[in-house]
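For the numbers below, each heavy atom of this structure counts, side chains included, while hydrogens, waters and symmetry mates do not. Below, chains carry the letters A, B, ... as their sequence lines are ordered, and counting in each starts from 1.
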Amino acid sequence: MQGTEYGDEALKQAMATELRERLIEAQQEGRPLRVYCGYDPRKADLHLGHTVTMRKLRQFQDLGHEVTFLIGNFTSLIGDPSDKDKLRPRLTPEEIEENARTYAEQAFRILDPAKTRIRYNAEWLSKLSLADMIPLAANFTLQQFLTRENFRLRWERGDPIYLHETFYAIMQGYDAYMLQADVQVGGTDQLFNIVTAARKIMAFLGAKPNIAIIMGILPGTDGVVKMSKSLGNHIPINTTAEDMYGKVMSIPDFVMPTYAKLVTRWLPDEVAAFEKALADGTLHPRDAKMKLAFEITANFYGEEAAQRAQEAFVRLFQKHDLPEDVPEFHAEAGQSVLEIMVKAHLINSKSEGRRLIEQKGVRLDGQVLTDPNAPLPHPGILQVGKRQFLRVIF
RNA sequence: GGGCGGUUACCCAAGUGGCCAAAGGGGACUGACUGUAAAUCAGUUGGCGUCACGCCUUCGGAGGUUCGAAUCCUUCACCGCCCA
């Protein structure tokens, strides 16, 4: 149950007990547990936050259970209650398919492809009729939805709550039923969908309710707010080992334990030891973070790449040396610093470049440049900000 | 259907005729410092230029009033609250 977050001890105990019972039951029936988690492929690029549930699925896989990676190609057409005010462009089936493919591709950096079933919920949801929906919907009251924090807060704030958003939970419950799931994994934002909706619908349709594994939410690089691309605090999966390593190094010290729990392969004992060593000072926070960054990077890019990323990090930020590979740029003699930066896409606008120069953020071979319009005095290594380098040659 | 209120930069949010490229917070970026791209402190955060000065574009869309509009008027779109 490492990294789980039920927000209620009784619920956690109930789920733990039920999981134990279900394990015994499955064993007697000579079958593995059926575990699933659903993902809506609205965006193609995943970040670390998305991998928390995948890691939990992977653990189940490693223990020999049957894992289904459910792609919500139907639910994603309708929309997720969490972002409400943006009009979502309707994705074409081709776009959804493309997103789903890259989604699965990235997910397989964590999941074992050979042991993962991929299903699409349009397979059954698109066939439900209104007549089918009525008895399903009759399991719920508006009051139940309104007690859900997510909706309640919006209700109190006077934010819109659309009618179709209530379908979402019902559809997710139906997914669980169709997959005959023993266990459903999800983030804390899925608590209602999994515990209230899915269990109710499964029971109503005569199946055994699924057991909820509710994972904590991974904070972003700011350490506080949920990781999300639109907030700019995310660590993308499709990047480089160096970038991932560096981004992990930029998280605040206090969230290290959370990261250790949610996005490493470490066992509970190891995490506890890590936490303890940090708390009593036997592990230096910097070394702890390097260990964390190494583990996370190795997980996605392999040990070797993680090693290289770590070396690059030490060279660049601890010893202030140059990175190994510096891109080259052919400048014409007489080109100004600003022009070179724009041409090499180091900056987005000339104003941005001027600001950087004013802030002493641009260096040539270690010398701070002060005049944006002056021609580059000589070829050399141009450093823009902390981490952008360019070998300028004439 | 009626009445009232709202729509501001990456996000949240102030601004009700000129001192508004637009307060504050978050995020992001830069510098100093260091234990690191952490923490802390300071700064920057629409674009362009002949760059301590000027020009252009932006406050939901389109028109209008005015010497001058994010601010006033008309209209359209969307949202909320109350009434039906």
| field | Donor on one side chain, acceptor on other, A:T53 and A:Y39, under 3.5 Å | value | yes
| message | Please confirm whether the shortest side-chain N or O distance from A:R286 to OP1 or OP2 of B:U36 is below 4.0 Å. | response | yes
| said: Measure CG/A:L316 against C1'/B:G35 and give the value in whole Å, please. | reply: 16 Å
| request: Report the nucleotide, chosen from B:A37, B:C48, B:U44, that has the shortest atom-to-atom distance to any side-chain atom of A:R355. | output: B:U44
| message | Is A:K350 close enough to B:G49 that one of its side-chain N or O atoms is under 4.0 Å from OP1 or OP2 there? | response | yes
| note | So, with a heavy-atom separation below 4.0 Å from RNA chain B, the residues of residues 250-259 of chain A are A:S250, A:I251, A:P252, A:D253
| task | Look at the side-chain N and O atoms of A:R387 and state whether any lies under 4.0 Å from the OP1 or OP2 oxygen of B:U30. | result | yes
| request: Check if the side chain of A:Q359 and the base of B:G43 share a donor-acceptor pair of N or O atoms closer than 3.5 Å. | output: yes
| Does a side-chain N or O from A:T221 land closer than 4.0 Å to OP1 or OP2 of B:A28, or not? | yes
| For the side chain of A:R354, counting heavy atoms from C-beta on, which of B:A38, B:C51, B:G27 is nearest? | B:C51
| Distance-only donor-acceptor check, side chains A:Q184 and A:Q172, under 3.5 Å | yes
| task | From the options B:U36, B:U30, B:C48, select the nucleotide whose nearest atom is closest to the side chain of A:F313. | result | B:U36
| task | For nucleotides B:C67 and B:G17, find the distance between their C1' atoms and express it as a whole number of Å. | result | 12 Å
| query | Out of B:U30, B:G31, B:G49, which has the shortest distance to the side chain of A:L356? | reply | B:U30
| request: Considering only atom C1', compute the distance from B:G15 to B:C20 and round it to an integer number of Å. | output: 9 Å
| request: Determine the contact category for A:G246: base if any of its heavy atoms lies under 4.0 Å from a base atom, sugar-phosphate if only primed atoms, P, OP1 or OP2 are that close, otherwise nothing. | output: base
| query | Would you call A:K208-A:D182 a salt bridge at under 4.0 Å N-O? | reply | no
| What is the distance, rounded to the nearest whole Å, between atom CD1 of A:I357 and atom C1' of B:G43? | 17 Å
| query | When we call it a touch if two heavy atoms are under 4.0 Å apart, what does A:K289 touch: a base, just sugar-phosphate, or nothing? | reply | base
| message | Parallel, tilted or perpendicular: which one describes the rings of A:Y103 and A:F69, with boundaries at 30° and 60°? | response | tilted
| said: Using the P atom as the point on both nucleotides, what is the distance between B:C10 and B:G1, in whole Å? | reply: 35 Å
| Separation of the C1' atoms in B:A22 and B:A69, to the nearest angstrom | 13 Å
| request: Apply the test side chain to side chain donor-acceptor pair (under 3.5 Å) to residues A:S129 and A:D132: give CA-CA distance (whole Å), side-chain angles for both, the deciding distance (0.1 Å), then the verdict. | output: CA-CA 5 Å; A:S129 70; A:D132 298 318; 3.0 Å; yes
| Spacing of A:H234 atom NE2 relative to B:C11 atom P, expressed in whole Å | 16 Å
| task | Provide the distance between the two C1' atoms, one in B:A9 and one in B:G60, to the nearest whole Å. | result | 14 Å
| query | With rounding to whole Å, what would you report as the distance between B:G3 and B:U65 at their C1' atoms? | reply | 27 Å
| request: Please work out whether the ring planes of A:F274 and A:W266 are parallel, tilted or perpendicular, with thresholds of 30° and 60°. | output: tilted
